[in-house]
Amino acid sequence: MIQRPRGTRDFGPQEMAERRRVEQAMRDVCLRAGFGEVVTPTFEHSELFTLRSGQAVIDEMYAFRDKGDREMALRPEITASVIRFFVNELSNSPKPLKLYYVGNCFRYENPQSGRFREFFQLGAELIGSKNPETDAEVIALAVNAIRSTGLKDFTVRVGHIGILKSLVQAEIPDKQAVAEVLRMLDKEDFDALGDMFDARTLPRKLFDRITTIAEMRGSVEIMDSLEKSEATDHLREIFRILSLYGIEDCKIDLGIVRGLDYYTGMVFEIDAPALGAEKQIMGGGSYTLSELFGGEPVFSTGFAIGIDRVALALAAEGEKKPHTPLDAYVIPAKDDMRDHAFRIVSSLRAEGVRADVDLMRRNMSKNLKYASSAGAKCAIIVGSKEMADNSVTLRDMRTGDQRVVAVGDLAKVVAGLG
RNA sequence: GCCGGGGUGGGGUAGUGGUAUCCUUGGGGACUGUGGAUCCCUUGACCCGGGUUCGAUUCCCGGUCCCGGCCCCA
């Protein structure tokens, strides 16, 4: 027997129905906000991803050499591809350019709860602006997308990378050290950070200042204790616009650092507390990537939502809808009714009813049982007595009630079952 | 890459150094148009490899996969 590769999943019809519902709800939100869908290749030149994220990520990519001896990789994310697409072909489009995508991504990591080697992301990029209203638009889109799935319990945290970064850069010239400091701040590993400060005899005052800021979270007012800067003004303006968008439940979190260099300003994350160690369901921020790929520097803001984790969080909240993949199941009462049954199922389908028919030549009892387990809303029993009148018996599978319905009215009656 | 806990029919389980229990599901049949029944028949499992042993599903080692956690998280 061939096993499924580690960290991958098969999705059955029931699970896919729920995943499609979630995905479709989020797509609709994107479309309504004026974002158009793009699709990019599932694999790219490895360089695209190492340029963006550094050589280290090659260890966690499905990287390979193709038959033409090119270094390729299954995409570990989709933002890089979208920006490459932008630089290659869309850079002269009117701004802002609003794009969204849905797709599978691959990372060679150790699977655990909410973490798979093949996973699915929905993301959006707004290209061509760095105004606070741009950032607010993208945050609102992300929040509305999550909301649209029906998820109740999630927290939105918004920060600004510039606040900590500029403080650290002002005192520490070594670029590598700056990155290291920011990484420790992100992890809130203040002990290790303190050790580093001692070892390098860095100013204690800076340590106190940045650790205080890294721990700051709460409403916008929490920034009142900070001196006014471009970054704090920017964040305040984002929050002001968000409230105009009807989004009031975002928190400031100045401790968000999001590892990579190209994030330039606002950064934000959404967590679903119901999940375990891997509770982040969305990450995003503003960045300038295009020049990395050989284009003009262009400001963008984007995010990516982990569809798998959203689905897990919804399951944890017990959000369950009854699964009724079939509206009607057509049962011939006797063998000589089969031809009538096929005609009826065909006309039901043509009229938009999800209908199935007995193909196993089962008897009445087993057909009713099958209709029940298949989740049909009703059974259509086709018998000679009713057919003499050009009618059939319709049995509501939820109540067991039966009535005779004219074939001509059948589709309408079935659709009316709700 | 590291750590912990697990792998018995499709799903859920019992049990054992001498190849396996029960439930459910699937397939077939009986019951001649209502029994979402009932009854009968039936398919189907000890993760893989090595070791110990007369004999391993059981004990030991390695691998693999699953679950959870660390690292990492684009």
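What you see is a predicted model, and the numbers here were worked out from it, not measured in a lab. Convention: sequence-line order gives letters A, B, ...; per-chain numbering from 1.
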### Query
Between A/R338 and A/D358, is the closest basic N to carboxylate O distance under 4.0 Å?
yes
### Query
Less than 4.0 Å between a side-chain N and a carboxylate O, is that true for A/E109 and A/R115?
yes
### Query
Using a cut-off of 4.0 Å on non-hydrogen atoms, how would the nucleic acid contact of A/E109 be classed: base, sugar-phosphate, or nothing?
base
### Query
Does a side-chain heavy-atom distance below 4.5 Å link A/K165 with A/L182?
yes
### Task
Using the P atom on both, measure B/rA56 against B/rG17 and round to a whole Å.
14 Å
### Interatomic distance at C1', B/rC22 relative to B/rG9, whole Å
13 Å
### Query
Within 45° of the ring axis of A/F119 and under 6.0 Å from its six-membered ring centre, is that where the NZ or CZ of A/R107 lies?
no
### Query
How close or far is atom C1' of B/rG27 from atom OH of A/Y370, stated in whole angstroms?
14 Å
### RNA chain B-proximal residues of residues 113-123 of chain A, any heavy atom under 4.0 Å
A/S113, A/R115
### Message
Checking contacts here: which listed nucleotide (B/rC66, B/rG33, B/rG68) is nearest the side-chain heavy atoms of A/Q112?
### Response
B/rG68
### Query
Considering only the P atoms, how many Å lie between B/rA74 and B/rC3, rounded to the nearest integer?
26 Å
### Query
With distance as the sole criterion, is a donor-acceptor pair present between the side chains of A/E118 and A/N104 under 3.5 Å?
yes
### Query
Just how far, in rounded Å, is C1' of B/rA74 from CG of A/D186?
13 Å
### Task
Could you check how far CE of A/M184 sits from P of B/rC72, rounded to whole Å?
10 Å
### Message
When the P atoms of B/rG55 and B/rG18 are compared, how many Å lie between them, rounded to an integer?
### Response
14 Å
### Message
Looking at B/rG55, which nucleotide sits across from it as a Watson-Crick or G-U wobble partner, both distances under 3.5 angstrom, or is there none?
### Response
none
#### Entry: P atoms of B/rC65 and B/rC73, separation to the nearest Å
24 Å
### Task
Remember a base hit wins even if backbone is also touched, and classify A/S384 as base, sugar-phosphate or nothing at under 4.0 Å, heavy atoms.
base
### Task
Look at the side-chain N and O atoms of A/R183 and state whether any lies under 4.0 Å from the OP1 or OP2 oxygen of B/rC72.
yes
### Message
Between the side chains of A/R4 and A/D10, is the shortest nitrogen-to-carboxylate-oxygen separation below 4.0 Å, so that they form an ion pair?
### Response
yes
### Atom-pair distance (CG on A/D189; P on B/rC72), nearest Å
9 Å
#### Entry: Integer-rounded Å distance: B/rA74 P and A/I58 CD1
18 Å
### Message
Need the pair for B/rG26. Rule: Watson-Crick or G-U wobble, both distances under 3.5 Å, any strand; none if unpaired.
### Response
B/rU42
### Task
Could you give the distance separating B/rG10 and B/rG69 at their P atoms, to the nearest angstrom?
28 Å
### Message
Using side chain to side chain donor-acceptor pair (under 3.5 Å), reason through A/E77 and A/Q121 one step at a time and then give a plain yes or no.
### Response
CA-CA 8 Å; A/E77 45 126 352; A/Q121 288 193 334; over 6 Å; no
### Task
Measure the distance from CZ on A/R361 to P on B/rG28 and round it to the nearest whole Å.
11 Å
### Query
So, is A/K187 near the phosphate of B/rC72, with a side-chain N or O under 4.0 Å from OP1 or OP2?
yes
### Message
Give me the distance, rounded to whole Å, that separates B/rC40 from B/rG11 when you measure between the P atoms they each carry.
### Response
26 Å
### Task
Using atom NE2 of A/H340 as one end and atom C1' of B/rG33 as the other, report the distance to the nearest whole Å.
15 Å
### Task
Output the single nucleotide from B/rC73, B/rG28, B/rG1 whose closest atom is nearest the side chain of A/N110.
B/rG1
### Message
Over all strands shown, is A/M360 touching base, sugar-phosphate only, or nothing at heavy-atom distances under 4.0 angstrom?
### Response
sugar-phosphate
### Message
Please classify the nucleic acid contact of A/R362 as base, sugar-phosphate, or nothing, using heavy-atom distances under 4.0 Å.
### Response
sugar-phosphate
### Message
Under a 4.0 Å threshold between the charged nitrogen and the carboxylate oxygen, would A/E237 count as salt-bridged to A/K130?
### Response
no
### Task
Give the intermediate values and the outcome of salt bridge (Lys or Arg N to Asp or Glu O under 4.0 Å) for residues A/R19 and A/D308.
CA-CA 8 Å; A/R19 289 176 66 92; A/D308 309 278; 3.0 Å; yes
#### Entry: Watson-Crick or G-U counterpart of B/rC65, or none if no pair lies under 3.5 Å
B/rG6
### Message
Salt bridge or not between A/D271 and A/R157? Use side-chain N to carboxylate O under 4.0 Å.
### Response
yes
### Message
Which is more 5' along RNA chain B, the nucleotide nearest A/G7 or the one nearest A/G276? Just name the residue.
### Response
A/G7
### Task
For B/rU13 and B/rA45, measure between their C1' atoms and round to the nearest Å.
12 Å
### Task
Round to the nearest Å and state the distance from A/R6 atom CZ to B/rC67 atom P.
9 Å
#### Entry: Sequence-aligned protein contact record of nucleotides 34-47 of chain B, with B where the base is within under 4.0 Å of a protein heavy atom and S where only the sugar-phosphate is
BBBB----------
Sequence neighbours left out, cut at 3.5 Å: what donor-acceptor pairs do the side chains of residues 31-44 of chain A make with other protein atoms?
unit_1 : atom_1 : unit_2 : atom_2 : d
A/R32  : NE     : A/D28  : O      : 3.4
A/E37  : OE1    : A/R27  : NH1    : 3.0
A/E37  : OE2    : A/R27  : NH1    : 3.2
A/E44  : OE1    : A/R84  : NE     : 2.9
A/E44  : OE2    : A/S81  : OG     : 2.8
A/E44  : OE2    : A/R84  : NE     : 3.2
A/E44  : OE2    : A/R84  : NH2    : 2.9

### Query
Could A/R349 and A/D356 be called an ion pair, given the rule that one side-chain N must be under 4.0 Å from one carboxylate O?
yes
